[in-house]
Number of protein chains: 2
Amino acid sequence: MPKLTIRDIAQLAGLSKSTVSLVLNNSPKVDPATRERVLEVMRSHNYTPSSAATALAKGRTPFIGMIVPGLTWHMVAAVNYGVASVIEQSPYEIILYTSTNEKDYTALVERITTSGLSAGLLVVTHDQPLDPLEKLHRSGLPVVLVNTLGTPSSLPSVQTDNYEGTRIALRHLVELGHTRIACVQGLMAYVCCQDRYRGYLDALDEAGISPDPGLTVDGGFHPPTVRERVSELLARPDRPTAIVAQNDSTAYAVMQAVIDCGLRVPQDISVVGFDDIASSADTHPPLTTVRQPFPEMGVAAARMLLRTIDGDDAGAPDGDAGAVTSGGTDAGTAGTISMPTSLIVRESTTGAPSKPFTPARTPATGPDTPPRPWSGLGPNISSQR
Amino acid sequence: MPKLTIRDIAQLAGLSKSTVSLVLNNSPKVDPATRERVLEVMRSHNYTPSSAATALAKGRTPFIGMIVPGLTWHMVAAVNYGVASVIEQSPYEIILYTSTNEKDYTALVERITTSGLSAGLLVVTHDQPLDPLEKLHRSGLPVVLVNTLGTPSSLPSVQTDNYEGTRIALRHLVELGHTRIACVQGLMAYVCCQDRYRGYLDALDEAGISPDPGLTVDGGFHPPTVRERVSELLARPDRPTAIVAQNDSTAYAVMQAVIDCGLRVPQDISVVGFDDIASSADTHPPLTTVRQPFPEMGVAAARMLLRTIDGDDAGAPDGDAGAVTSGGTDAGTAGTISMPTSLIVRESTTGAPSKPFTPARTPATGPDTPPRPWSGLGPNISSQR
DNA sequence: CTGAAAGCGCTTACAG
DNA sequence: CTGAAAGCGCTTACAG
């Protein structure tokens with residue numbers, strides 16, 4: 001049986017197409033009784049309007065495009081979770097565009113532009129150039145970024161308060177009595193990493209601790225490198241008692257290095273991560289880390305986009321509590337939302353050891369030694385970069 | 001500037017809308033020269049047809065819906081990767097529907113049906129009831145399942161050859177000289193688990209080994225349970241020399257249990273997983289496991305769907321090499337595709353120890369003992385269930 | 001090979 | 001409060 005059209009409904013209800021259309025669009029001009037009758041007919045005949053026809057007539061589409069850099073990262077999945085939860089409640093559907101590295105990113109954006117399918121675009125950024133998106137935005141397409149790397153951009157975006165994130169981690173450590181606190185940097189080309197590092201430095205300063213340059217290790221978000229460098233660091237007599245890493249994957253490598261050196265987490269060395277990916281609750285010991293609110297970021301980004309597309313509705317009843325808005329000329333619309341992080345205290349941190357601990361033995365893993373089997377943590381998954 | 005329409009192009013080219021439409025649709029009836037001219041005009045003016053109008057006029061939409069059970073599982077992400085790679089080359093876009101547990105699954109299906117947006121549906125199944133999908137399919141909407149649990153269904157689907165998968169794992173162990181091989185079952189309610197278990201039993205039989213019921217442990221795909229049960233198993237004097245687990249997450253728990261008991265992988269106990277999720281290459285030692293070809297499954301499913309939607313094109317030039325098709329009344333269309341697995345041999349398996357090994361100490365982790373910190377593997381992520 | 005016309009299913013002024 | 005009409009941008013027989 002062929003799909004019913006508005007004409008059929010009109011006929012069945014003894015009305016004109018116009019009136020049916022009006023009830024479809026919730027016009028207040030239609031008589032409540034009539035309205036009810038039409039609704040009833042639609043219901044009983046299981047009618048749903050053709051979205052193609054609606055889109056054509058109204059001149060706008062019910063889709064929002066979402067570009068993600070592959071789905072295999074925890075972060076992306078978590079953001080999507082938040083996005084989906086708000087889009088689901090809206091009349092929009094998500095068109096998924098996966099921007100794999102191998103593919104020409106510009107071509108993807110081009111495809112989106114020319115297809116004209118999307119009423120707005122949600123982009124979980126990674127390393128891609130932002131210019132094509134900015135051009136798109138200037139040409140009128142609403143775009144909102146979930147700016148994972150904190151890259152500066154004129155586009156409306158939601159990101160994490162990376163600076164403050166590291167500061168709360170440091171404060172936690174300082175409260176526990178640590179004074180020799182090392183920092184394993186990520187990729188300093190990323191603004192998020194610069195911010196995290198600034199947070200580290202400033203928090204140290206606030207605690208009256210003068211930073212020891214020797215305690216900053218450049219890990220490049222690369223676990224093997226981190227493991228090696230941290231092992232070297234721990235072999236030194238003036239080794240730190242705590243280490244903050246710029247993401248969880250890297251923190252795993254730090255923990256690994258600690259074991260490699262015959263030390264223990266947290267008794268000898270406290271370790272703090274950044275991200276709070278799912279696996280961090282299950283490491284041995286469970287990792288204390290700075291949580292990035294990925295689902296909340298997805299929610300905020302989706303609401304922001306819906307708001308700019310539709311003017312207002314898409315109700316965000318309680319606002320994005322706790323988020324700091326800045327930038328936007330026009331309050332509540334554009335600008336950057338910086339989401340607050342929180343410290344998830346688990347078991348990888350504890351009070352600073354009262355006296356320097358002498359390692360039971362020298363590091364088993366040096367630069368040229370293969371990793372010991374079974375020496376500890378396993379998988380390093382969904383890295384932040 | 002307003003978007004160009006077919007009328008504008010016609011005017012600019014000095015032709016009628018009809019002709020322009022014909023070139024848009026690659027009609028052979030149009031004069032090559034004319035065609036070229038039209039194409040040139042479209043190109044220079046950056047014209048792209050309105051998909052809403054096209055959809056309305058043609059009576060079909062350029063979307064394929066994809067239902068996924070949340071994005072946080074490696075499996076789903078990997079399948080999506082394959083799906084995206086083929087859809088990308090087609091005129092279709094993916095509408096993403098995330099079916100979270102909390103949500104009414106039937107409502108989702110209902111929404112998809114009534115929106116009429118999708119020309120076909122790709123479903124990465126999990127635990128959901130298949131009936132709504134079967135109804136949908138009977139009503140004419142092409143549906144293809146990526147049947148992760150091997151649940152029997154009349155719907156066209158692609159799945160893994162679970163039976164054969166376990167058999168190759170067992171053959172590998174038998175070749176290494178193992179004869180006491182334990183099996184950690186998953187959830188036996190799932191057909192995939194039943195198949196894997198049958199594979200285990202049959203392979204044993206083929207090797208002339210009579211199965212010891214004591215070597216089958218019911219793990220329910222629950223890592224803590226597995227760790228505990230396997231620890232108990234290993235404490236027995238007649239413990240196995242090899243253990244196959246029904247997924248990788250569970251294999252991690254098995255490795256954990258081996259350490260708990262003061263034994264080593266693979267010297268004392270060989271361990272084999274199932275899935276080959278990303279993290280399995282990075283465990284200590286790297287896990288030997290049966291690879292499920294998730295991306296390939298995505299590719300196969302997408303091609304299958306495209307084929308049933310569009311009759312034939314959507315070129316799958318080399319066919320789905322290696323896959324076994326069965327069922328389909330009408331060759332190459334419906335039915336179930338069973339994808340071959342492969343054994344990824346890494347370092348968690350080795351020759352059977354020649355003589356029973358005496359543990360250095362008794363298990364440190366019993367049912368009531370908390371896990372030792374640092375005793376081994378960390379995160380258990382993206383479990384198969 | 002090309003054009004004029006009707007139609008896809010809905011919306012939106014405009015009358016009444 | 002309701003209806004007739006024109007239009008959204010494309011496609012598809014049907015003429016020529």
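Just so we're clear, the structure is a prediction, and the values are computed from it rather than from any experiment. Labels below follow one simple rule: chain letters A, B, ... track the order of the sequence lines, proteins then strands, and each chain is numbered from 1.
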Does A:Ser21 reach a base, just sugar-phosphate, or nothing at all? Heavy atoms under 4.0 Å. base

Give the nucleotide from the list C:dT2, C:dC10, D:dG3 with an atom nearest to the side chain of A:Thr19. D:dG3

Per nearest nucleotide of DNA chain D, the residue lying toward the 5' end, B:Asn25 or A:Lys29, is A:Lys29

Could you go through the salt bridge (Lys or Arg N to Asp or Glu O under 4.0 Å) check for B:Arg111 and A:Glu93 one step at a time? CA-CA 11 Å; B:Arg111 174 175 180 164; A:Glu93 302 291 357; 2.9 Å; yes

Look only at the side chain of B:Asp31 and the backbone of B:Ala33, and say whether a donor-acceptor pair between them is shorter than 3.5 Å. yes

By nearest atom, which of the nucleotides C:dC10, C:dT2, D:dC10 is closest to the B:Leu15 side chain? C:dT2

D:dG9, C:dT11, C:dC10: which one has an atom nearest the side-chain heavy atoms of A:Lys58? C:dT11

Hey, is the main chain of B:Ala13 close enough, under 3.5 Å, to the side chain of B:Arg37 for a donor-acceptor pair? yes

Side chain of A:Lys17 only, please: which of C:dC1, C:dT11, C:dT12 is the nearest? C:dT11

Given D:dG3, C:dT2, D:dC8, which nucleotide is nearest the side-chain atoms of B:Thr34? C:dT2

Helical stems, DNA chain D - three or more consecutive Watson-Crick or G-U wobble pairs below 3.5 Å: C:1-3 with D:14-16, C:5-12 with D:5-12, C:14-16 with D:1-3

Hydrogens and angles aside, do B:Ser16 and B:Thr19 bring a side-chain donor and acceptor to less than 3.5 Å of each other? yes

Closest nucleotide among C:dG9, C:dT12, D:dT11 to the B:Thr54 side chain: D:dT11

Rounded off to whole Å, could you give me the CG-to-C1' distance for the A:Leu56 and C:dC8 pair? 9 Å

Checking D:dT12, C:dT11, D:dT11 against the side chain of A:Ile6 (C-beta onward), the nearest is C:dT11

Looking at B:Thr336 and B:Val158, would you say the former's side chain and the latter's main chain have a donor-acceptor pair under 3.5 Å? no

Pair of N/O donor and acceptor under 3.5 Å linking D:dA4 base with A:Ser18 side chain: yes

Residue A:Asp31, side-chain heavy atoms: nucleotide from C:dT11, D:dC1, C:dG3 that is nearest: D:dC1

Nearest to the side chain of B:Ser16, heavy atoms from C-beta on, is which of C:dG3, C:dT11, D:dT2? C:dG3

